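Working notes, beginning with the structure itself.
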Amino acid sequence: MNAGRVDNVVAMMRAMRREAETAPASRPDHVTYTTVISTLVAAGDMERARAVLEEMGRAGVPASRVTYNVLIKGYCQQLQVGKARELLAVDMAEAGIEPDVVTYNTLIDGCVLTDDSAGAVALFNEMRGRGIAPSAVSYTTLMKAFASSGQPKLAHKVFDEMEKDPRVAVDRAAWNMLVEAYCRLGLLEAAKKVVERMKARGVQPDVATYGSLAKGIAVARRPGEALLLWEEIKKEEMEVDGEVLEALADVCVRAALFRKALEIVARMEEMGMEANKGKYKRMYVELHSRMFTSRHASQARQDRRRERKRAAEAFKFWLGLPNSYYATDWRLQDDGNLT
DNA sequence: TTTTGCCCAG
């Protein structure tokens with residue numbers, strides 16, 4: 001199952017059933033069937049997952065709450081939240097199986113995936129109405145509903161409620177979701193305040209935190225902030241993934257901060273990541289190909305921009321664009337290639 | 001032994 005080998009998992013279950021004819025101890029139990037269903041769900045094959053549920057019933061092995069939770073997750077991933085809800089309202093109810101906090105968290109996330117934040121709130125309330133206590137995951141998922149619908153203030157309200165709830169602890173995922181809620185709209189000052197509070201509470205920012213900040217910087221188009229974040233990542237020897245670096249490199253290229261952009265892509269290449277040169281070529285040509293072409297600049301101004309020009313040449317060299325060492329005439333074709 | 005949330009982007 002962990003290797004995603006669907007056919008082998010199904011064949012194993014069948015073999016167990018056959019063997020059980022002479023060795024009853026091999027009879028698949030509810031965990032066996034749930035494991036098979038998990039494999040099919042992970043492969044996105046809801047039809048076969050559902051068929052195994054039927055097979056389970058015919059074999060006289062009752063599905064458990066976990067079995068249903070797995071199937072609900074599968075329908076949510078396929079964006080079929082209606083079918084997921086039906087499993088709860090009809091199948092689980094008929095089988096007399098009570099949902100738990102995982103059931104509801106999964107459904108709430110399904111609402112988020114289908115841009116239904118009202119549905120997410122309704123399910124959160126329904127869960128509490130049934131006497132099921134929200135977990136840290138419940139709060140964070142509800143925050144996600146507001147974060148992804150561009151309502152950071154509401155996400156923050158949920159965060160505050162979470163802090164007040166003695167049954168749960170605010171963890172790094174919750175802080176990160178709050179940072180994400182602000183960054184998605186490019187509200188960098190608010191996001192940075194959250195990060196400061198998070199650090200003051202002894203929670204270290206991680207890849208997700210910096211990923212959100214990098215995205216926020218890109219949304220807000222604030223290259224100065226990209227430099228600050230890059231310096232912090234360098235100073236703290238922070239473990240970051242390529243996506244964060246790419247977001248920062250994008251902002252730097254857009255802002256014509258080529259020296260920094262080169263530093264960042266160097267780090268990406270150190271990490272074994274292929275920087276997307278095609279994208280940077282397009283950005284360079286679209287945004288900066290007219291740089292340094294003014295004929296009216298004074299000598300003083302030309303001197304001042306010498307370092308920037310050197311950086312631009314180095315960047316073009318890295319891109320493989322014609323630079324000062326080679327030909328100087330080049331243009332962008334309709335197909336995006338350069339001649 | 002099987003199930004849920006935190007960056008990217010579709």
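Computed from a prediction, not measured in an experiment: that's the story for all the values here. Chain naming here is simple, since letters A, B, ... match the order of the sequence lines and numbering starts at 1 in each.
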Original post:
Is M12(A) close to M1(A) at the side-chain level, that is, under 4.5 Å between some pair of heavy atoms?
Top reply: no

**OP:** Could you tell me whether the side chain of R85(A) reaches within less than 4.5 Å of the side chain of I72(A), counting heavy atoms only?
**Re:** no

Give the rounded distance in Å between these two atoms: [atom1] of [X] and [atom2] of [N].
X	N	atom1	atom2	result
N69(A)	dT1(B)	CG	P	18 Å
M127(A)	dG5(B)	CE	C1'	12 Å
M198(A)	dC6(B)	CE	P	15 Å
F159(A)	dG5(B)	CZ	C1'	14 Å
N105(A)	dT3(B)	CG	P	15 Å
K73(A)	dT3(B)	NZ	C1'	9 Å
M16(A)	dT2(B)	CE	P	14 Å
Y33(A)	dT2(B)	OH	C1'	14 Å

Original post:
Which part of the nucleic acid, if any, lies within contact of A147(A), taking any heavy atom under 4.0 Å across all strands shown: a base, the sugar-phosphate backbone alone, or nothing?
Top reply: nothing

Please determine, for the side chain of [X], which listed nucleotide ([options]) has the closest atom?
X	options	value
N176(A)	dC6(B), dG5(B), dT2(B)	dC6(B)
A173(A)	dC7(B), dT2(B), dG5(B)	dG5(B)
V102(A)	dT3(B), dC6(B), dG5(B)	dT3(B)
D29(A)	dC7(B), dT2(B), dT1(B)	dT1(B)

Original post:
Between the base of dG5(B) and the side chain of T141(A), is there any donor-acceptor pair under 3.5 Å?
Top reply: no

Original post:
Phosphate oxygens OP1/OP2 of dC7(B): is one of them under 4.0 Å from a side-chain N or O of K144(A)?
Top reply: no

**OP:** For DNA chain B, determine which residues of residues 35-44 of chain A have any heavy atom closer than 4.0 angstrom to one of its atoms, and list them numerically.
**Re:** T35(A), S38(A)

**OP:** I would like to know whether S138(A) and N105(A) meet side chain to side chain donor-acceptor pair (under 3.5 Å); could you show each step before the answer?
**Re:** CA-CA 5 Å; S138(A) 316; N105(A) 290 348; 2.6 Å; yes

**OP:** Please name the residue in the list Y104(A), F146(A), Y139(A) that meets the ring pair (Phe, Tyr, Trp, His ring centres under 6.0 Å) test with F124(A).
**Re:** Y139(A)

Original post:
If you draw a 6.0 Å radius around CD in E54(A), do more than 12 non-hydrogen atoms from other residues or ligands fall strictly inside?
Top reply: yes

Atom pairs and distances, donor-acceptor, side-chain atoms in residues 17-28 of chain A, under 3.5 Å, two or more places apart:
{"unit_1": "R17(A)", "atom_1": "NH1", "unit_2": "E55(A)", "atom_2": "OE2", "d": "2.7"}
{"unit_1": "E19(A)", "atom_1": "OE1", "unit_2": "S26(A)", "atom_2": "OG", "d": "2.5"}
{"unit_1": "T22(A)", "atom_1": "OG1", "unit_2": "E19(A)", "atom_2": "O", "d": "3.3"}
{"unit_1": "R27(A)", "atom_1": "NH2", "unit_2": "A59(A)", "atom_2": "O", "d": "2.8"}

Which donor-acceptor pairs under 3.5 Å do side chains of residues 191-198 of chain A form with protein atoms, sequence neighbours excluded?
{"unit_1": "K192(A)", "atom_1": "NZ", "unit_2": "E225(A)", "atom_2": "OE1", "d": "2.9"}
{"unit_1": "K192(A)", "atom_1": "NZ", "unit_2": "E225(A)", "atom_2": "OE2", "d": "3.3"}

